[in-house]
Amino acid sequence: MKQPRPMISTYEQDENGVERLVRREMNAAEFKQWKSDVKDSGERRKADEARPHPLIEQLRSMSDEEIAELKRLLA
Amino acid sequence: MPTPLWLNRGGVLRRGFIQDQDVDSNANIQASKIAGVYTLLWDTQDAGVQFPVASITTPTLPQTYAGLHVVWTARSDGAANSENMLVRFNGDSTSGHWNWEFNRFVGTSVSAGESLNNNCLYCGDMTAATGEANATGGGQIWIPGYSTSTRQLVTCIAGAVVGANSGTTGFMNVTTNAGRWSQSAPITTITFFPGGGNFVQGFTRIQVYGIDG
């Protein structure tokens, strides 16, 4: 049995050109985009959660000279 | 001499300034003559948006304001503690048209990140199905110069309950974002959607205000 697609709320023009609020099932193109969006969002969230602390990232990006200077300051 | 005046605009009291030339012989004041006020352009509740829905798109927005201010609160039925609040202008889902930079505060830690060449704008988070009961996310989005080709930078601030139990560390977060839509077309519609699941009844409301110049 075919699963119903998610519903969207949008405005569409009626026969007189007036915008009307409609709630309808996604069409094929919208459904394809939605599945892609959900996948992207999940991957982005995982990447965000796995991202190290900004200070760690900054330390990793420092040059040898900058690290030497940091060591000197901390000594 | 401008006269300060308090007006009820969209259910919110706002202070405006009236000048003599803005008042006609019958003492009627044109709303468009009041500077610095917010006008409620659209509200999911007033419009009668029915839930659950996986996305909400505004009607065509008037192009007569200096900027837009969106106030939102939302919850998703996605199978997670939280979901992203995502936005598109004019339905543009083209990869590469969207970039953003964000800071996220959770517990005592702060993380920063960027997303380049994306296909939508991240505006914060909302509580989802396995998150704490009756909790939501909410935030605000500023879109200055939305009707011009010279605007683009959008700023967002949001907070959300992103855990299952309040009172435990990290159960809520705050995000601040700056985003850019690379297109120059006037923004005529805004689409809001959760990163997964549907917006749910009773916890989701989106209001779009026009800001007079």
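Residue numbers begin at 1 in each chain, while the letters A, B, ... track the order of the sequences. All values below come from the heavy atoms of this structure, side chains included, with hydrogens, waters and symmetry mates left out.
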- Task: Give me the contact list for residues 167-177 of chain B versus chain A, heavy atoms only, anything under 4.5 Å, ordered by residue number.
- Result: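 Hits under 4.5 Å: none found.
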
Identify which part of [X] has an atom lying under 4.5 Å from any heavy atom of chain A, answering side chain, backbone, both or neither.
X        : answer
B:Phe102 : side chain
B:Pro194 : neither
B:Ser82  : both
B:Phe193 : side chain
B:Asp125 : neither

- Message: Please find the pair of heavy atoms, one from A:Trp34 and one from B:Gly197, that lie closest to each other, and give the distance.
- Response: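 Closest approach of A:Trp34 to B:Gly197: NE1-O, 4.4 Å.
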
Counting heavy-atom pairs under 4.5 Å with chain A, which one of [options] comes out on top?
options                              : answer
B:Asn198, B:Thr189, B:Thr44, B:Leu86 : B:Leu86
B:Asn84, B:Thr58, B:Val53            : B:Val53
B:Pro52, B:Ala47, B:Ser109, B:Gly196 : B:Pro52

- Tabulate, in ascending numerical order, the residues of residues 37-47 of chain A having at least one heavy atom closer than 4.5 Å to a heavy atom of chain B, or enter 'none'.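 Residues A:Asp37, A:Val38, A:Asp40, A:Ser41, A:Arg44, A:Arg45 are the ones that qualify, each having a heavy atom under 4.5 Å from chain B.
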
- Residues from residues 5-16 of chain A approaching chain B under 4.5 Å (heavy atoms):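 Under the 4.5 Å heavy-atom cut-off, A:Pro6, A:Met7, A:Ile8, A:Ser9, A:Thr10, A:Tyr11 qualify.
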
- Query: Can you find a pair of side-chain heavy atoms, one from B:Asn119 and one from A:Gln33, that are under 4.5 Å apart?
  - Reply: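 A side-chain contact under 4.5 Å exists here.
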
- Message: Any side-chain to backbone donor/acceptor pair from A:Glu19 onto B:Thr60? Under 3.5 Å, distance only.
- Response: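 Yes; at least one donor-acceptor contact below 3.5 Å.
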
- Task: Apply ring-ring contact (aromatic ring centres under 6.0 Å, His included) to B:His97 and list each qualifying residue two or more places apart in sequence or on a separate chain.
- Result: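 Residues passing ring-ring contact (aromatic ring centres under 6.0 Å, His included) with B:His97: none at all.
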
